Protein chains: 2
Amino acid sequence: MSERELRRNLAILPIGTIRELTLLTDRQIRYYEQNELISPTRGKGGQRRFSLNDVDRLLEIKDFLDAGDSIKDIQEIFAKQRRKAVGKQDSESALRRSLQKEFAQIGRFDR
Amino acid sequence: MSERELRRNLAILPIGTIRELTLLTDRQIRYYEQNELISPTRGKGGQRRFSLNDVDRLLEIKDFLDAGDSIKDIQEIFAKQRRKAVGKQDSESALRRSLQKEFAQIGRFDR
DNA sequence: GTATCATGTTATATAACCTAACATATATTC
DNA sequence: GAATATATGTTAGGTTATATAACATGATAC
């Protein structure tokens, strides 16, 4: 994972900021968490900490709901996205492995 | 100014997050603000909101202090940096105007 | 027309943050 | 070396933000 992706996944934002950035209510944000559409971490005192990715995801949720999708629909959409991402990851690591083989091959020429 | 720079200037982080990211104490952070080394905005209820740039700047301050510079030294260092940035800034006045619009937008969240 | 869904609202408790004041160790100045 | 300045610690008291849980409600689906 790139440094940029790491940064986007840093859970550093309190719910108040999320409320302002997404124009959702606390109630909505917590309800979506309850339905596992987002998974903010918790700070020392038990308060939620969100990442910039959570912001994106909440804006997506908003759009889907506006478009008439239900929470369950959105759960499935996200599940599909995850499955796709896993495939990508797999094919990437396969690619990396085959590249390593190639380089190992090439490396031999250098001896 | 790029969208990325805009994002870095978004004041969205509470002091607790800053404390964790910089390993400074609240006291230090507020003291540096008092000495105008940083200028966090305030949310509706009067609490400080910091940007990612503030985090960078605080880490710089930390380094300068560790290196033996005084607060006043650092004020001057930052003042010099600003003067250097002025020429650049002038050539970006149109973009600055759009930045102000963005901040006005953000300000609205606090009402 | 009843059940479900997404959200609003309210109450109550805890956590986070605020300012201001006083304390202190270290370095600086006279 | 006593007085001053600097950067930070600590404490107190008050306010704001967030937490959970429960009950309420308009809209939609069946």
Side-chain angles (χ1 to χ4, degrees), chain A residues 10-51 54-55 57-79, chain B residues 10-51 54-55 57-79 106-111:
Chain A
L10 268 187
I12 54 178
L13 305 169
I15 199 167
T17 296
I18 304 302
R19 189 171 48 224
E20 292 168 10
L21 293 178
T22 63
L23 298 181
L24 293 167
T25 64
D26 296 19
R27 183 69 169 91
Q28 289 173 304
I29 297 166
R30 295 191 188 115
Y31 185 66
Y32 304 154
E33 179 191 11
Q34 211 175 325
N35 285 275
E36 301 174 290
L37 295 180
I38 52 171
S39 299
T41 64
R42 299 288 178 134
K44 187 180 68 177
Q47 305 197 346
R48 291 172 182 78
R49 291 298 181 88
F50 300 80
S51 71
D54 288 327
V55 175
R57 187 165 263 246
L58 285 167
L59 292 174
E60 274 192 86
I61 293 169
K62 204 179 184 182
D63 287 342
F64 282 128
L65 286 172
D66 286 349
D69 295 304
S70 72
I71 298 276
K72 278 184 185 170
D73 292 337
I74 301 172
Q75 287 174 344
E76 285 166 22
I77 292 167
F78 285 171
Chain B
L10 273 183
I12 54 179
L13 304 169
I15 198 168
T17 296
I18 303 303
R19 189 173 47 227
E20 291 168 12
L21 293 178
T22 63
L23 299 181
L24 294 167
T25 65
D26 295 20
R27 184 69 168 90
Q28 288 173 305
I29 298 165
R30 295 191 187 114
Y31 184 66
Y32 303 154
E33 179 191 11
Q34 210 176 323
N35 285 276
E36 299 174 292
L37 295 180
I38 51 171
S39 298
T41 63
R42 301 286 179 133
K44 187 179 68 179
Q47 305 197 346
R48 290 172 181 78
R49 291 299 180 86
F50 300 80
S51 70
D54 288 327
V55 175
R57 187 167 264 247
L58 285 167
L59 292 174
E60 274 191 87
I61 293 169
K62 205 178 182 181
D63 286 342
F64 281 128
L65 286 172
D66 285 349
D69 294 305
S70 72
I71 298 276
K72 277 184 184 170
D73 292 337
I74 301 173
Q75 286 174 344
E76 284 166 23
I77 292 167
F78 285 171
I106 293 153
R108 235 171 272 153
F109 293 141
D110 288 338
R111 281 168 206 162

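Lettering of chains follows the sequences in order, A, B, ..., and the numbering in each one begins at 1. Small disclaimer: the values here were computed from a predicted structure and weren't measured.
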Closest non-hydrogen atom pair between [X] and [Y], with its separation:
X     : Y     : answer
B:R19 : B:L24 : CG-O, 3.1 Å
A:I74 : A:I61 : CD1-O, 3.9 Å
B:L37 : B:Q75 : CD2-CG, 3.5 Å
B:I12 : A:T17 : O-OG1, 2.8 Å

Pairs under 3.5 angstrom only: tabulate donor-acceptor contacts from the side chains of residues 63-70 of chain A to other protein residues two or more places apart or in another chain.
| unit_1 | atom_1 | unit_2 | atom_2 | d |
| --- | --- | --- | --- | --- |
| A:S70 | OG | A:K72 | N | 3.3 |
| A:S70 | OG | A:D73 | N | 3.1 |
| A:S70 | OG | A:D73 | OD2 | 3.3 |

Task: Set of side-chain hydrogen bond (donor to acceptor under 3.5 Å, both in side chains) partners for B:Q28, sequence neighbours left out - done: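 Only B:T25 meet the side-chain hydrogen bond (donor to acceptor under 3.5 Å, both in side chains) criterion with B:Q28.
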
- [ ] For B:T22, enumerate each residue passing the side-chain hydrogen bond (donor to acceptor under 3.5 Å, both in side chains) test, keeping only those at least two apart in sequence or located in another chain.
- [x]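 Result, side-chain hydrogen bond (donor to acceptor under 3.5 Å, both in side chains) vs B:T22: none returned.
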
Open item on the list: Restricting to salt bridge (charged side-chain N to carboxylate O under 4.0 Å, His left out), what partner residues turn up for A:R30, sequence neighbours left out?
Closed with: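 With sequence neighbours excluded, A:R30 shows a salt bridge (charged side-chain N to carboxylate O under 4.0 Å, His left out) to A:D26, given in chain and number order.
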
Nearest-0.5 Å distance, [atom1] of residue [X] to [atom2] of residue [Y]:
X     : Y     : atom1 : atom2 : answer
B:L59 : B:D54 : CG    : CG    : 11.0 Å
B:L13 : B:I15 : CG    : CD1   : 11.5 Å
A:I29 : A:F50 : CD1   : CZ    : 5.5 Å

Open item on the list: So for the helix from C:dG1-D:dC30 to C:dC30-D:dG1, with five pairs setting each end axis, what is the inter-axis angle to 10°?
Closed with: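 Rounded to the nearest 10 degrees, the bend comes out at 30°.
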
Distance in angstrom units between [X] [atom1] and [N] [atom2], rounded:
X     : N      : atom1 : atom2 : result
A:K62 : C:dT7  : NZ    : C1'   : 14 Å
A:Q28 : C:dT7  : CD    : C1'   : 7 Å
B:Q34 : C:dA21 : CD    : C1'   : 12 Å

Open item on the list: Using a 6.0 Å distance limit plus a 45 degree cone around the ring axis, check whether B:R57 lies over the aromatic ring of B:Y32.
Closed with: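 The answer is no; the distance or angle limit is not met.
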
- [ ] Under 4.0 Å from any atom of DNA chain D, heavy atoms only: list the residues of residues 64-78 of chain B that qualify, in numerical order.
- [x]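 Those residues are B:L65, B:S70, B:I71, B:K72.
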
- [ ] Could you tell me whether the phosphate oxygens of C:dA6, OP1 or OP2, come under 4.0 Å of any side-chain nitrogen or oxygen in A:Y31?
- [x]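 So the side-chain polar atoms of A:Y31 do come within 4.0 Å of the phosphate oxygens OP1 or OP2 of C:dA6, strictly under.
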
- [ ] Just grab all the salt bridge (charged side-chain N to carboxylate O under 4.0 Å, His left out) pairs involving residues 35-51 of chain A, residues at least two apart or on different chains.
- [x]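 Of all non-adjacent pairs touching residues 35-51 of chain A, those that pass salt bridge (charged side-chain N to carboxylate O under 4.0 Å, His left out) are A:E33-A:R42, A:E33-A:R48, A:R49-B:E20.
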
Task: Sub-4.5 Å side-chain heavy-atom contact between B:K62 and B:L23 - done: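 When only atoms from C-beta onward are counted, B:L23 and B:K62 do touch, with a gap below 4.5 Å.
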
Polar pairs (N or O, both sides) under 3.5 Å between protein and nucleotides 11-20 of chain D?
| unit_1 | atom_1 | unit_2 | atom_2 | d |
| --- | --- | --- | --- | --- |
| D:dA17 | OP1 | B:G45 | N | 3.2 |
| D:dT18 | OP1 | A:G16 | N | 2.9 |
| D:dT18 | OP2 | A:R19 | NH2 | 3.0 |
| D:dA19 | OP1 | A:R48 | N | 2.6 |
| D:dA19 | OP1 | A:R48 | NH1 | 3.0 |
| D:dA19 | OP2 | A:R30 | NE | 3.4 |
| D:dA19 | OP2 | A:R30 | NH2 | 3.0 |
| D:dA19 | OP2 | A:R48 | NH1 | 3.3 |
| D:dA19 | O5' | A:R48 | NH1 | 3.3 |
| D:dA19 | O3' | A:R42 | NH1 | 3.4 |
| D:dT20 | OP1 | A:R42 | NH1 | 3.0 |
| D:dT20 | OP1 | A:R42 | NH2 | 3.2 |
| D:dT20 | OP2 | A:R48 | NH1 | 3.1 |
| D:dT20 | OP2 | A:R48 | NH2 | 2.6 |

Open item on the list: What does the B/S/- profile of nucleotides 24-30 of chain C look like, 5' to 3', with a 4.0 Å heavy-atom cutoff to protein?
Closed with: -------

Atom pairs, N/O to N/O, protein against nucleotides 23-30 of chain D, distance under 3.5 Å?
none

